[in-house]
There are 2 protein chains.
Amino acid sequence: MAQERAGEAGEPATGDVSDRVYAELLTRISEGEFAAGERLFEQALARQLGVSRTPVRDALKRLSAEGLVDTTPNKGAQVVSFTAEDTAALYELRAQFEPVACRLAVPRLGEEDLAELEDLDARMQAIVAGGHDPAELTGLNNAFHAIFVERCGNRHLAIALQALFRPAIVTRTFRQYDPRSLERSMQAHQQLVEAARAGDGEWAEAVMRSHILSTRHVTGHPGTPDD
Amino acid sequence: MAQERAGEAGEPATGDVSDRVYAELLTRISEGEFAAGERLFEQALARQLGVSRTPVRDALKRLSAEGLVDTTPNKGAQVVSFTAEDTAALYELRAQFEPVACRLAVPRLGEEDLAELEDLDARMQAIVAGGHDPAELTGLNNAFHAIFVERCGNRHLAIALQALFRPAIVTRTFRQYDPRSLERSMQAHQQLVEAARAGDGEWAEAVMRSHILSTRHVTGHPGTPDD
DNA sequence: CCCTGCCATGTTGCATGCAATCTTGCAGAG
DNA sequence: CTCTGCAAGATTGCATGCAACATGGCAGGG
């Protein structure tokens with residue numbers, strides 16, 4: 001859900017079933033169904049998803065390349081586990097690089113992208129207004145941020161940035177959502193949409209930077225919202 | 001040849017044969033044996049390397065995730081081809097980020113790493129002094145730069161940076177080596193080793209930045225040396 | 001002569017079988 | 001009681017068979 005877009009930015013194109021499995025595993029990881037450090041067995045997943053081991057294997061390899069699972073030669077894959085320092089560093093890097101991607105992307109956004117941003121924003125606000133479902137919100141938020149990364153204009157920068165950002169979906173699950181920060185994030189998203197509509201990359205960059213920084217120092221304790 | 005280190009930084013660990021195939025394809029691509037845009041057929045490569053299609057498939061997927069080959073759903077993989085703008089942007093990003101990684105890495109380098117840096121530097125100088133073999137030099141240079149990236153202290157930053165840098169090995173093959181820039185690069189490498197020995201991250205950062213920038217503006221024409 | 005539709009070939013993608021390796025539990029010696 | 005060695009189970013990694021899709025050539029019609 002929300003990751004069902006065929007080609008995000010990297011080279012996701014593999015097969016048909018393979019992509020389904022990948023998407024499934026991705027959402028399961030992001031929704032916290034798999035604990036950090038939990039081993040992922042090919043055969044078990046294959047049975048569960050009603051497919052062969054091959055596409056599962058492919059998906060795990062892909063997740064491994066993206067840094068979402070660790071694989072050891074003859075032992076298989078397990079969900080990454082982060083130390084507090086890792087998480088902090090991750091946010092630090094994000095705060096530095098994502099705004100840049102944002103600035104680069106804004107002038108390149110088409111009407112389609114803008115519409116999607118608005119749609120995602122609206123859906124997130126709807127969730128916040130009603131009953132909170134953190135998992136679903138995480139997915140939408142990822143999609144929201146992904147748009148800027150994907151459209152930054154340089155394939156390899158996009159790949160590199162996604163390598164940085166994707167692991168965050170693992171850490172995020174372990175935090176609660178506090179209403180105050182959440183509201184602030186929603187406002188930031190709205191402002192991002194506005195800046196994007198205005199085609200003002202620098203504005204968007206600034207908003208994105210403050211958006212991320214605002215979540216950084218609360219990292220760990222009371223709970224960061226979706227950034 | 002220089003890529004034979006088991007685990008670079010990302011999650012390379014797969015199998016035994018699989019890694020061999022990956023390394024082989026990587027060097028072939030970097031040495032320009034495969035033209036840009038050339039299709040890579042699984043079966044053909046499998047026959048050539050005396051293995052099954054499976055490890056070849058794995059290796060191609062890995063290269064795809066790293067942005068070295070493009071894959072289309074039912075068509076397979078082909079070597080990436082860059083526009084001039086892509087290459088320029090790549091160097092731009094490199095100039096921004098690699099020095100940072102370098103600064104972070106230097107304080108973390110152990111005696112072993114320093115020795116390897118010196119060794120690589122020495123071997124590159126030997127090649128320059130004798131008959132030039134650009135291909136071999138490229139491999140050594142990649143290994144040299146990789147050390148800084150790998151030791152930067154953050155796994156995910158390392159992955160992200162490698163996503164940026166690895167594609168450069170494709171573009172580099174298409175340039176000639178001009179003695180003047182080459183000499184300058186060698187000096188930069190030496191200075192990097194010195195800075196690393198001194199544990200001076202900022203110095204190393206500055207050297208690395210100028211090192212990369214010195215190669216940037218000649219990109220395309222007369223030929224950049226190995227950066 | 002050019003264009004369109006079909007058919008044959010080739011290639012990828014998925015499923016499955018087998019061997020090598022690692023892990024886990026137990027038995028036996030100290 | 002603890003530690004070591006072994007053996008059985010389990011899991012990954014590699015090889016191969018089969019079906020689906022894409023590509024290229026050829027024939028037929030305009």
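It should be emphasised that the depicted structure is a prediction, and the values quoted were computed from it without experimental measurement. Sequence lines set the chain letters: A, B, ... in the order given, protein chains first and strands last, and positions in each chain run from 1.
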Are any protein N/O atoms closer than 3.5 Å to N/O atoms in nucleotides 5-12 of chain D? If there are, list each pair with its distance.
from, atom 1, to, atom 2, distance (Å)
D:dT12, OP1, A:E42, N, 3.4
D:dT12, O3', A:P73, O, 3.2

Exercise. With a 4.5 Å heavy-atom cut-off, do B:H189 and B:Q125 have their side chains touching?
Worked result: no
For this session: Check whether any side-chain N or O of B:S52 sits under 4.0 Å from OP1 or OP2 of D:dA15, and answer yes or no.
Result: yes
Problem set entry | DNA chain C: 5'-proximal contact among A:G50 and B:L60 (nearest heavy atom) | B:L60
Can you tell me how far [atom2] of [N] sits from [atom1] of [X], to the nearest Å?
X	N	atom1	atom2	result
B:D19	D:dG13	CG	P	10 Å
A:L49	C:dA15	CG	C1'	15 Å
A:Q78	C:dT23	CD	P	11 Å
B:R47	D:dC14	CZ	P	19 Å
A:R20	C:dG13	CZ	C1'	14 Å

Exercise. Are A:D119 and A:R123 within salt-bridge range, i.e. N to O under 4.0 Å?
Worked result: yes
For this session: For the pair A:R53 and A:D58, find out whether any cationic side-chain nitrogen is under 4.0 Å from an anionic carboxylate oxygen.
Result: no
Exercise. Does a sphere of radius 6.0 Å around CD in A:E112 hold more than 12 heavy atoms from other residues, nucleotides or ligands, not counting ones at 6.0 Å or beyond?
Worked result: no
For this session: Report, as yes or no, whether the 6.0 Å neighbourhood of atom CZ on B:R47 holds more than 12 heavy atoms from other residues, nucleotides or ligands.
Result: no
Exercise. What residues form a salt bridge (Lys or Arg N to Asp or Glu O under 4.0 Å) with A:R39, not counting sequence neighbours?
Worked result: none
